[in-house]
Amino acid sequence: MRTAFWLAGTAVLVILTVLSAQERPGSPRPGAPASSAGPALDEIRGEDMAAHLRFLSDDLFEGRAPSTRGGQLAANYLAAQLALLGFAPGAANGSYFQDVPIVESAIDPSFTLSAGQGAPLKYLDDVVAFSGVQEPQVKAAGEIVFVGHGIVAPEYNWNDYAGADMKGRIALIMVNDPPATADEPQLFGGPALTYYGRWTYKYEEAARQGAAGAILIHTNESATYPWQVVQSSWSGTQYSIPAVAGEPALALKAWVTDAAAREIVRRAGRNLDDLRKAALGRGAKPVPLGIQASVAISQTVERKISPNVIGVLKGANAGQAVIYTSHYDHLGMRDAKPGDPPDTDRIYNGAIDNASGLSGMLEIAQSLSRAGSLPARSIYIVFTTAEESGLLGAEYFSTHPALPAGAWAGKINIDSLNMAGRTKDIVLLGAERSTLGGMAAALATERGRVIGPDPEPGRGYFFRSDHFPLAKVGIPALSLSEPTQFAGKDPAFAKKLRDEYNDKDYHQPSDEMRPDWDYAGAVDDMRFLAELGWRIANAPEMPAYNPSEQFARPRANATQ
Ligand SMILES: [Zn+2]
């Protein structure tokens with residue numbers, strides 16, 4: 001009896017020892033097949049997400065703005081959680097914090113833009129402007145050259161700058177990308193917006209061409225938003241990361257109204273409609289307008305620092321990795337306005353955007369760290385800063401990555417979770433662009449779900465979230481977006497929900513935690529994305545962009 005008890009006790013001890021060796025996160029187990037046991041998906045729970053969410057969206061964080069006490073507190077909380085879960089510090093300095101330098105600049109509203117003969121264009125009424133040169137006083141002057149959509153796209157055999165020397169000149173550019181034609185229905189992505197249509201691309205290309213400045217022509221139809229949005233987005237404080245010495249920068253980045261653009265072209269003795277029409281076809285040439293533009297920009301320039309929070313679960317092959325990102329910053333607090341009642345809520349809590357994503361990411365981190373084995377490749381979790389100020393934390397990480405661009409197998413971004421219950425679909429922006437889409441579709445089939453399409457491909461959401469700076473350097477990327485098929489609800493429900501959030505709560509102090517949220521759908525999605533990341537980490541081959549994709553090229557060119 002005694003002996004039997006002792007033997008049984010030993011057996012229990014042996015089993016416990018085996019279990020604890022298997023369950024201890026990050027402990028190398030030589031010889032074990034790398035993918036024998038995946039993430040502990042059961043540990044992803046709605047109550048746990050609610051606990052993180054409640055804390056991170058509290059008023060005490062004062063809206064988690066970069067370089068504020070509330071923002072830093074959020075960063076510290078996330079780093080502490082990663083440490084508790086057994087993630088190692090992932091920043092180059094050996095800590096969890098990658099310091100991101102942020103430049104805050106605000107242009108003096110006395111700004112005007114002179115163009116040819118006639119009255120200068122007025123700030124806000126006709127033109128908004130900022131500078132890619134981070135100095136208090138910036139001057140730019142040069143001949144205006146109309147360059148159509150301002151696109152250089154070898155895969156479409158398209159070059160709007162062909163034959164032009166843009167040094168010391170100022171490009172006048174149409175927004176959006178050229179329309180598809182009957183002969184080429186897939187030209188520039190057909191009805192979907194390509195990155196060539198985004199305003200960020202226009203400025204980047206003009207800088208690469210050596211131009212002194214670039215002026216974009218706003219129209220409501222081409223931008224999908226009115227001039228007031230351009231006015232409010234580009235006046236007041238602007239955020240950027242420091243210019244890299246030796247890299248081309250535009251002294252002038254401007255937007256003008258359609259009427260102002262017509263006036264500029266008229267002063268050159270031409271007609272904007274004619275120029276536009278001619279620019280729609282392949283092979284159109286840049287048109288020097290023979291008139292000068294000049295500006296003198298006065299601006300305040302302030303330099304600040306805010307960290308990305310980075311943790312890593314080391315894989316058997318630490319030279320390659322998967323990356324998850326989710327931004328922790330939000331809009332801070334708004335200034336008091338005259339007439340505000342004394343109890344006015346001025347705190348942008350950002351509960352959905354993006355305390356919800358953070359809570360989901362922490363649950364994913366937990367399930368990964370408690371996997372029964374090491375992943376083949378490392379898994380990085382990066383909580384980015386300054387997403388709301390222009391994807392700056394992600395941008396900085398993409399130029400100062402923990403591993404070279406070619407070492408990243410794939411990237412999953414999470415911004416704003418679904419809090420309205422279970423769904424049939426999971427929408428992953430970018431799925432159709434790379435082999436990650438096939439992996440996601442296979443997993444969806446196993447789970448009885450489907451990968452939903454981008455509900456609004458014409459709005460270019462793929463280019464407007466934190467995964468994009470990494471996609472741009474060739475890393476296959478997916479970004480979780482809003483679902484369209486709620487279980488037991490008709491399709492109009494999802495649209496109504498989306499419209500309501502966008503109209504009432506998006507980027508408003510009312511984006512606060514609600515007691516009636518249903519976490520079941522978010523739990524499904526986080527389990528899905530934990531498993532997907534794990535599979536990417538263990539895939540025998542490195543995932544890749546489809547060869548026709550614009551972003552396949554930087555990776556093909558990468559030295560790694
Ligand atoms: Zn967000």
Side-chain angles (χ1 to χ4, degrees), residues 25-26 34-44 49 78 81-82 85-88 90 309-318 320-327 357-384 394 397 401-403 407-415 417 426-431 433-444 446-447 449 451 465-467 470-471 475-481 522-544:
S35 57
S36 61
L41 299 181
D42 291 352
E43 302 214 10
I44 297 180
M49 281 169 44
L78 296 164
Q81 295 296 323
L82 288 175
L85 292 172
F87 277 70
V309 180
I310 309 176
V312 57
L313 193 64
K314 288 260 167 65
N317 168 10
Q320 292 185 339
V322 170
I323 179 170
Y324 286 90
T325 55
S326 195
H327 75 88
L358 299 173
S359 72
M361 190 67 86
L362 287 171
E363 290 298 287
I364 289 176
Q366 175 172 313
S367 77
L368 293 169
S369 73
R370 294 184 184 160
S373 62
L374 282 182
R377 301 184 178 92
S378 294
I379 299 177
Y380 280 76
I381 295 213
V382 179
F383 295 109
T384 52
F397 183 87
L403 296 171
W408 300 99
K411 148 112 201 244
I412 296 174
N413 181 60
I414 299 179
D415 186 347
L417 302 189
I426 176 166
V427 175
L428 297 171
L429 302 182
R433 297 172 188 270
S434 76
T435 56
L436 295 184
M439 296 176 74
L443 179 56
E446 287 171 35
R447 299 276 153 93
R449 300 185 69 187
I451 304 295
S465 207
D466 248 359
H467 59 291
L470 285 107
I475 301 168
L478 298 173
S479 188
L480 179 67
S481 190
V523 167
D524 284 348
D525 289 352
M526 294 307 101
R527 289 180 178 171
F528 188 101
L529 295 177
E531 176 66 25
L532 183 61
W534 183 262
R535 291 187 185 184
I536 300 169
N538 291 293
E541 291 200 16
M542 287 287 267

> Verify, without hydrogens or angle tests, whether Arg377 (side chain) and Ala407 (backbone) share a donor-acceptor contact under 3.5 angstrom.
no

> Under a 4.5 Å cut-off applied to non-hydrogen side-chain atoms, are Trp534 and Ile379 in contact?
yes

> Distance check, rounded to the nearest 0.5 Å: Ile426 atom CD1 versus Asp525 atom CG?
4.0 Å

> Who pairs with Arg535 by side chain to side chain contact (heavy atoms under 4.5 Å, CB included), at least two apart in sequence or on another chain?
Met439, Leu443, Glu446, Glu531

> Could you state the interatomic distance from OG (Ser434) to CD1 (Ile475), rounded to the nearest 0.5 Å?
12.0 Å

> Taking the side chain as everything from C-beta on, heavy atoms only, tell me whether Leu436 gets closer than 4.5 Å to Ile536.
yes

> Take Asp466 and Asp415 through the side chain to side chain contact (heavy atoms under 4.5 Å, CB included) test and state the conclusion after the steps.
CA-CA 8 Å; Asp466 248 359; Asp415 186 347; over 6 Å; no

> Check whether any side-chain N or O of Ser378 sits under 3.5 Å from a backbone N or O of Gly315 as a donor-acceptor pair, and report yes or no.
yes

> Is the closest side-chain heavy-atom distance between Leu480 and Met526 below 4.5 Å?
yes

> Does any non-hydrogen side-chain atom of Leu417 lie less than 4.5 Å from one of Met49?
yes

> Can you list everything that forms a side chain to side chain contact (heavy atoms under 4.5 Å, CB included) with Ser481? Sequence neighbours excluded, please.
Val427, Leu429

> Look up atom CD1 in Ile323 and atom CG in Leu470, then write down how far apart they are to the nearest 0.5 Å.
5.5 Å

> For the CG atom of Leu78 and the CZ atom of Phe87, what is their distance to the nearest 0.5 Å?
12.5 Å

> Can you see which heavy atom on Ile310 is nearest to which on Leu82, and at what distance?
C-CD1, 4.2 Å

> Sequence neighbours excluded, which residues qualify as side chain to side chain contact (heavy atoms under 4.5 Å, CB included) partners of Ala431?
Leu428, Ile451, Leu478

> Can you check whether Thr384 reaches Phe397 side chain to side chain, under 4.5 Å on heavy atoms?
no

> Considering non-hydrogen atoms only, spot the tightest contact between Ala537 and Pro375 and give its length.
CB-CB, 4.1 Å

> Any heavy-atom pair between the side chains of Ile364 and Ile412 that's under 4.5 Å?
no

> Write down the atom of Glu43, the atom of Glu363, and the distance for their closest heavy-atom approach.
O-OE1, 3.0 Å

> Provide the closest heavy-atom pair for Ser373 versus Ala37 in the form atom of the first, atom of the second, distance.
OG-O, 3.1 Å

> With sequence neighbours excluded, what pairs up with Arg433 under the salt bridge (charged side-chain N to carboxylate O under 4.0 Å, His left out) test?
Glu549

> Is there side-chain contact between Leu85 and Arg370, with heavy atoms separated by less than 4.5 Å?
yes

> Specify the closest pair of heavy atoms between Ile44 and Ala530, including all atoms of both residues, with the distance to one decimal.
CD1-CB, 4.0 Å

> In chain order, what residues pass the side chain to side chain donor-acceptor pair (under 3.5 Å) check against Thr325, with sequence neighbours excluded?
Lys411, Asn413

> Can you name the residues that form a side chain to side chain donor-acceptor pair (under 3.5 Å) with Ser367, not counting sequence neighbours?
none

> Name all residues meeting the salt bridge (charged side-chain N to carboxylate O under 4.0 Å, His left out) criterion together with Glu541; count only those two or more places apart in sequence or in a different chain, and write none if there are none.
none

> Tell me the closest heavy-atom pair linking Leu313 and Gly86, and the distance in Å.
CD1-O, 4.4 Å

> Quick one: NE2 on His327 to CG on Leu358, what's the gap to the nearest 0.5 Å?
8.0 Å

> Run the side chain to side chain contact (heavy atoms under 4.5 Å, CB included) test against Asp524 and tell me which residues pass, sequence neighbours left out.
Arg422, Arg449

> Report the distance from atom CG of Leu368 to atom OH of Tyr324, rounding to the nearest 0.5 Å.
5.0 Å

> Would you say Asn317's side chain and Ala376's backbone share a donor-acceptor pair under 3.5 angstrom?
no

> Not counting sequence neighbours, which residues clear ring-ring contact (aromatic ring centres under 6.0 Å, His included) with Tyr380? List them please.
Trp408

